[in-house]
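Working notes, beginning with the structure itself.
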Amino acid sequence: MVPLLLPSSPIHSFPATPKLSFRSKPRPIIRAAAGLEVDSFTKKSGYLFQLSAFEAESLLDYSPSRIAAIYRRKPLILLRRLIQVGTTFGKWFGVRYIDNLMERSDQMFKVRAAELRKILVELGPAYIKIAQAVSSRPDLIPPSYLDELSLLQDRITPFSTEVALDTIEKELGLRIDELFSEISPEPVAAASLGQVYQARLRRSGQVVAVKVQRPGVQAAISLDILILRFLAGVVKKAGKFNTDLQAVIDEWASSLFREMDYRKEADNGLKFRRLYGGLKDVFVPNINMEHTTRRVLVMEWVEGQKLSEVKDLYLVEVGVYCSFNQLLENGFYHADPHPGNLFRTFDGKLAYIDFGMMGEFKQEFREGFIEACLHLVNRDFDALSKDFVTLGLLPPTAEKEAVTKALTGVFQDAVAKGVRNISFGDLLGNLGTTMYKFKFQIPSYFSLVIRSLAVLEGIAISSDPNYKVLGSTYPWIAKKVLTDSSPQLKSSLQALLYKSLRARTEKALVKIQREEANSRVVFKEILYFTLTEKGSFVREILIEEFAKEVNGVGNPNNNQSAYLEESSLLSYQPALVSEILAMLSIIPELPPELQQQLLRLPADLARRLISRASARTIQRIFL
């Protein structure tokens, strides 16, 4: 839930508001603000709010057993909710079925989309959160539904301002006029968990966004998760799913419960600012911890517009880069990057707001994910099947050969189009049948990662229908592999380079056709990296390969003529020779220290040959 950023210049004063003073009398919850609809969630689902103080305190953290224990004592509320949800969705699907029978589906499309949005608002935050994720996929959702569901991101009917101000005073222990010199008379944005007011701190004069939690969300979400968890168990048994659907619900619910505690969101925001606030063209607002509690959060106000409204392709790229940096560099990532949480500031930066739903991607899984991307793009489907085991998507007992064959069939066509044309959404869609056949399982930690990437690609597609997240970020992934100090990634890259080198020198099937100027740039970059300290493992591979080839020629046990015919590095290949000559012409342009490193390569090769010859001699003497 985020502030709606205003498309005007930074404000200096607010519209005149009546003087606010401490109010001792409680205000009714159900009340319409001027010019606004009644809060339909409270009106239709307000009966869910009936939790005692002890019950509410016991639900500060997600616990399926505690939720079940509470509602075992409230069977009538549970039954009423089941009837409400069942009849509400049943009526909607019923009229959709009638539309199909009467052949008026197209005419009624917008009407039914609007009805669905109203239904989700009435049922509350759990259903809204699911719809928010779906609303960020324009490639999957019809435009009419997309337009309606996108309104769920920050334009939900707000609850009473009087209730919100009472909550602020109760949580912070001060009167409104003691906290703020000015505050907007109505919320500037409202979402599933709360709503935002614009205010000015009395003490410092800073303009801030004040987020206040919607009453009753904890009780409503708890009961709905209990119902969804039960249904997930039934579906898993009936459909014989391999994935633990209840564990996926638990992972999502845990993140949702953390999102309902604004103190945790504040900590997330500070950490996110520390890790990513320094990235180029990324802005992360500061959090005011002094005025933040479990149900009220105060943060720096940001001026700008929604990223989805300005169609800024450059900032989309910035967001993609930042998200992959989150996932693969530090492992602390924004798990809810829908358009309502991403903004373009007036000075052209990408602003992240709302840090309630964050995820942690462990080091071993980050490395496994990078390796999987690397192996996918390079069509190493045998290694990809092993990556899926590492990531927990496949059980270790799976038949690797059969999986490799199936993955080849699934991904071959997609990868053949080139890395720039690989769609993350298409890959997931094509994988469905194979996942079921080989008992793939979606680990609970991975569900948030998949959601984050899918939503991210959806935002990008709204600006550019041909945009591909994996294709755009593969150069960054490749650079990460080349420069990372992880032994696992270096080992993976060595194996990949070894295979590529053998394929290039043995078959020479691929001929790179570029302009001469571009070829020189590419060769220079490759040579530069190979001769630096970070490229030492590449030099090691090259020396080892040359040593094997030369050693094979001098080995009396080999059939020399046959060996020379098969030898990949020593066979005459005009294309390879021309590329070597091009590389030699670049040497004078290298820094002196790299030229010295290049001159040391023959000596390193000679030492490797002497070592091999010595080992062979010892074998002949003693074996």
Are the side chain of [X] and the backbone of [Y] linked by a donor-acceptor contact shorter than 3.5 Å?
X: Thr88; Y: Val85; answer: no
X: Glu169; Y: Ile176; answer: yes
X: Arg366; Y: Phe361; answer: yes
X: Ser323; Y: Val320; answer: no
X: Trp92; Y: Arg112; answer: yes
X: Thr293; Y: Val296; answer: yes

Heavy-atom pair with the smallest gap, counting every atom of [X] and [Y]:
X: Ala351; Y: Thr345; value: CB-CG2, 3.7 Å
X: Ala266; Y: Ile287; value: CB-CG2, 3.6 Å
X: Leu350; Y: Leu315; value: N-CD2, 3.9 Å
X: Ala199; Y: Ile183; value: CB-CG1, 3.9 Å
X: Pro285; Y: Phe355; value: CD-CZ, 4.3 Å
X: His334; Y: Phe272; value: CB-CE1, 4.1 Å

Do the non-hydrogen side-chain atoms of [X] and [Y] ever get within less than 4.5 Å of each other?
X: Val282; Y: Val284; result: yes
X: Leu342; Y: Lys306; result: no
X: Phe89; Y: Leu123; result: yes
X: Val318; Y: Lys349; result: no
X: Gln326; Y: Tyr352; result: yes
X: Leu327; Y: Phe365; result: no

By side chain to side chain contact (heavy atoms under 4.5 Å, CB included) - contacts of [X] (at least two apart):
X: Ser254; value: Tyr62, Arg258
X: Glu122; value: Ser40, Lys44
X: Asp61; value: Arg66, Lys264
X: Ala164; value: Phe159, Gln195, Tyr197, Val212

Not counting sequence neighbours, which residues clear salt bridge (Lys or Arg N to Asp or Glu O under 4.0 Å) with [X]? List them please.
X: Arg104; answer: Asp99
X: Lys91; answer: none
X: Arg73; answer: Glu55

Which residues pass the side-chain hydrogen bond (donor to acceptor under 3.5 Å, both in side chains) test with [X], not counting sequence neighbours?
X: Tyr97; answer: none
X: Arg294; answer: none
X: Ser63; answer: Ser65

Short N-O contact, Lys118 and Glu115, less than 4.0 angstrom: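 Salt bridge: no.
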Salt bridge Lys271-Glu360, side-chain N to carboxylate O under 4.0 Å: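 Answer for the salt bridge query: yes.
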So, taking the atom named [atom1] in [X] and the one named [atom2] in [Y], what distance separates them when rounded to the nearest 0.5 Å?
X: Met299; Y: Tyr262; atom1: CE; atom2: OH; result: 11.5 Å
X: Leu256; Y: Glu251; atom1: CG; atom2: CD; result: 12.0 Å
X: Asn341; Y: Leu307; atom1: CG; atom2: CG; result: 11.5 Å
X: Lys211; Y: Leu297; atom1: NZ; atom2: CG; result: 6.0 Å
X: Leu101; Y: Arg96; atom1: CG; atom2: CZ; result: 11.5 Å
X: Ser160; Y: Arg214; atom1: OG; atom2: CZ; result: 11.0 Å

Asp166, Val163, Thr167 screened by side chain to side chain contact (heavy atoms under 4.5 Å, CB included) with Pro215, the one that passes: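 Going through Asp166, Val163, Thr167 one by one, the side chain to side chain contact (heavy atoms under 4.5 Å, CB included) with Pro215 is satisfied by Val163 alone.
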Gln107 atom CD, over 12 foreign heavy atoms within 6.0 Å: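 For Gln107, atom CD is crowded (more than 12 foreign heavy atoms under 6.0 Å).
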Could you go through residues 221-235 and list every donor-acceptor pair under 3.5 Å that involves a side-chain atom there, pairing it with any protein atom two or more places apart or in another chain?
{"unit_1": "Ser222", "atom_1": "OG", "unit_2": "Gln218", "atom_2": "O", "d": "2.6"}
{"unit_1": "Asp224", "atom_1": "OD1", "unit_2": "Arg81", "atom_2": "NE", "d": "2.8"}
{"unit_1": "Asp224", "atom_1": "OD1", "unit_2": "Arg81", "atom_2": "NH2", "d": "3.3"}
{"unit_1": "Asp224", "atom_1": "OD2", "unit_2": "Arg81", "atom_2": "NH2", "d": "2.8"}
{"unit_1": "Arg229", "atom_1": "NE", "unit_2": "Asp250", "atom_2": "OD1", "d": "2.7"}
{"unit_1": "Arg229", "atom_1": "NE", "unit_2": "Asp250", "atom_2": "OD2", "d": "3.4"}
{"unit_1": "Arg229", "atom_1": "NH2", "unit_2": "Asp250", "atom_2": "OD2", "d": "3.1"}

Between Thr161 and Glu186: side-chain donor-acceptor atoms closer than 3.5 Å: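 Yes, a side-chain donor-acceptor pair sits under 3.5 Å.
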Non-neighbouring partners of Phe332 that pass ring-ring contact (aromatic ring centres under 6.0 Å, His included), sequence neighbours left out: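 Partners of Phe332 by the ring-ring contact (aromatic ring centres under 6.0 Å, His included) criterion come out as none, since no residue qualifies.
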